[in-house]
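Read through the structure below, which is laid out as structure tokens, and then see the notes.
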Amino acid sequence: RTLLLARLAAAMQQARLVTLVGEAGVGKTRVAQEFARTCDTQTPGSVLYCDLRGARDTAAMVRALLEALAIAGETPLHSDVAVAAAGRALAMRGATLIVLDNLEHLLPDAAAVISRWLELAGEARFLTTSRDPVGARCEQIVAVEPLSTSDGVDGQSDALRLLVSRVRDFHQDYSPSARDILLMDTVVSKTRGVPLAIELCASRFGEEQVALASRAQDVDDGAAEPGA
């Protein structure tokens with residue numbers, strides 16, 4: 001994902017609202033977290049992360065940001081007041097990256113809230129992940145595609161390298177044979193390069209290697225669930 005992270009960094013330099021858009025399981029959250037870690041390493045304390053999978057509405061999204069700002073107990077729950085309080089607190093922090101992860105189920109209402117925060121906090125930047133664009137003004141979209149399943153320069157695809165790496169997480173001394181590589185290549189082709197599906201396959205690797213390929217399609221079907 002090196003090139004994708006580079007594209008994301010460039011987009012964040014050009015826009016204050018960037019959305020990673022892609023299908024479920026494609027790795028949007030992982031890319032956002034990796035980018036956030038890099039930013040926080042460069043400037044400690046400059047990143048606020050909000051996981052919105054459990055948020056039922058925009059009021060819950062606002063509460064999540066208030067909690068990240070550590071002022072949830074000081075702010076009335078009335079939505080307009082809470083939105084403004086979060087915006088003012090962000091303005092006082094100065095340059096801050098706010099990650100709003102798993103936003104799609106809060107659209108389109110979330111767009112107005114984020115736009116208000118952008119108005120109130122001139123140095124704040126927002127990185128969101130969603131299956132669909134936020135739809136706010138000045139938003140820049142970075143598409144997150146499945147991993148390539150075609151051979152790379154070393155004869156292995158990005159999807160295959162991920163599968164081998166994840167299998168080693170479960171079996172540290174594992175070294176794939178030529179037969180394993182052929183089987184794994186079949187597996188990643190059936191997963192369409194969706195990282196979540198590949199990781200689920202890796203967790204099952206070792207039960208029956210031969211049965212893994214026949215299970216891959218079922219795993220792929222199960223990967224299209226919320227929260228990726």
Side-chain angles (χ1 to χ4, degrees), residues 1-53 55 61 64-65 68-69 86-87 89-104 106-107 110-111 113-150 152-154 156-162 165-166 192-196 198-199 227-228:
R1 297 293 196 177
T2 303
L3 293 178
L4 176 58
L5 286 165
R7 286 198 291 118
L8 174 56
M12 294 299 306
Q13 291 292 325
Q14 299 170 9
R16 293 177 56 214
L17 170 60
V18 175
T19 301
L20 291 169
V21 175
E23 64 181 283
V26 79
K28 302 182 295 294
T29 291
R30 181 163 294 186
V31 171
Q33 290 175 339
E34 180 62 29
F35 182 77
R37 275 193 295 270
T38 299
C39 292
D40 194 57
T41 298
Q42 294 171 347
T43 310
S46 65
V47 177
L48 299 175
Y49 177 82
C50 301
D51 184 352
L52 301 176
R53 281 177 296 181
M61 178 182 77
L65 181 54
L69 288 162
L90 286 174
M92 292 177 63
R93 283 178 58 93
T96 304
L97 172 66
I98 303 94
V99 180
L100 301 177
D101 195 15
N102 300 295
L103 188 67
E104 56 271 341
L106 301 177
L107 299 175
V113 176
I114 295 171
S115 295
R116 180 64 175 147
W117 286 336
L118 287 167
E119 293 173 1
L120 290 170
E123 293 184 80
R125 296 177 299 149
F126 287 83
L127 172 60
T128 69
T129 72
S130 174
R131 298 184 197 178
D132 303 295
V134 171
R137 285 193 311 159
C138 302
E139 175 187 20
Q140 190 160 143
I141 296 168
V142 175
V144 182
E145 304 289 348
L147 297 173
S148 171
T149 58
S150 58
V153 293
D154 60 353
Q156 294 187 1
S157 65
D158 291 340
L160 179 57
R161 280 194 290 270
L162 176 62
S165 174
R166 292 296 177 263
R192 299 180 294 108
V194 174
L196 178 58
I198 293 171
E199 292 183 3

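Just so you know, residue 1 is the first one in the sequence shown, and it goes up from there.
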Problem set entry | Side-chain donor/acceptor of Ser165 to backbone N/O of Arg161, under 3.5 Å | no
For this session: Output, in order, the C-alpha distance, side-chain angles, deciding distance and verdict of side chain to side chain contact (heavy atoms under 4.5 Å, CB included) for Ile198 and Arg166.
Result: CA-CA 8 Å; Ile198 293 171; Arg166 292 296 177 263; 5.5 Å; no
Exercise. Side chains of Val31 and Leu4: does their closest heavy-atom pair fall under 4.5 Å?
Worked result: yes
Exercise. When rounded to the nearest 0.5 angstrom, what distance separates OH in Tyr49 from CD in Gln33?
Worked result: 4.0 Å
For this session: Would you indicate whether the side-chain heavy atoms of Glu145 and Val26 approach each other to under 4.5 Å?
Result: no
For this session: Measure across Ala24 and Val194 and return the closest heavy-atom pair with its distance rounded to 0.1 Å.
Result: O-CG1, 4.0 Å
Exercise. Quick one: which of Leu100, Val47, Leu8, Val142 gives a side-chain contact (heavy atoms from CB on, under 4.5 Å) with Leu127?
Worked result: Leu8
Problem set entry | Expected output: side-chain Glu139 to main-chain Val134 donor-acceptor under 3.5 Å | yes
Problem set entry | Distance-only side-chain donor-acceptor flag, Thr128 / Thr19, under 3.5 Å | yes
Problem set entry | 4.5 Å side-chain heavy-atom contact, Val21 and Val144 | no
Exercise. Heavy atoms, side chains only, cut-off 4.5 Å: are Thr96 and Ile98 in contact?
Worked result: yes
Problem set entry | Close side-chain approach of Pro195 to Leu147, heavy-atom, < 4.5 Å | yes
Problem set entry | Backbone of Leu20 reached by a side-chain donor or acceptor of Lys28 within 3.5 Å | no
For this session: Heavy atoms only: give me the nearest Leu103-Ala110 pair and the separation to one decimal.
Result: CD1-CB, 3.9 Å
For this session: Indicate yes or no: at least one non-hydrogen side-chain atom of Leu69 is less than 4.5 angstrom from one of Arg93.
Result: yes
For this session: Would you give the length of the straight line joining atom CD of Glu34 to atom OG1 of Thr29, rounded to the nearest 0.5 angstrom?
Result: 13.0 Å
For this session: Apply the side-chain contact (heavy atoms from CB on, under 4.5 Å) test between Leu52 and each candidate in Thr129, Leu106, Asp101; give the one that qualifies.
Result: Leu106
Problem set entry | Evaluation steps, side chain to side chain contact (heavy atoms under 4.5 Å, CB included), between Glu199 and Arg30 | CA-CA 13 Å; Glu199 292 183 3; Arg30 181 163 294 186; 2.7 Å; yes
For this session: Output the distance between atom CE (Met61) and atom SG (Cys50), rounded to the nearest 0.5 Å.
Result: 9.0 Å
Exercise. Are side-chain heavy atoms of Leu97 and Thr43 found at a separation under 4.5 Å?
Worked result: no
Exercise. Looking only at heavy atoms, what is the nearest atom pair of Leu90 and Phe126, with distance?
Worked result: CD1-CZ, 3.9 Å
Exercise. Is there a donor in the side chain of Ser148 and an acceptor in the side chain of Asp158, or the other way round, less than 3.5 Å apart?
Worked result: no
Exercise. So, for Leu17 and Ala136, which heavy atoms are closest and what is the spacing to 0.1 Å?
Worked result: CD2-CB, 3.6 Å
Exercise. Where the side chain of Glu104 meets the backbone of Arg131, is there a donor-acceptor pair that is under 3.5 Å apart?
Worked result: yes
Exercise. If you look at every heavy atom in Leu107 and Ser130, which pair is closest and at what distance?
Worked result: CD1-OG, 3.6 Å
Exercise. Could you give the distance from CZ (Arg137) to CG (Leu118), rounded to the nearest 0.5 Å?
Worked result: 9.5 Å
Exercise. Do you know which two heavy atoms are closest between Ala121 and Gly87, and how far apart they sit?
Worked result: CB-O, 3.8 Å
For this session: Find out whether Glu23 and Pro146 are in side-chain contact, i.e. whether some heavy atom of one side chain is under 4.5 Å from a heavy atom of the other.
Result: yes
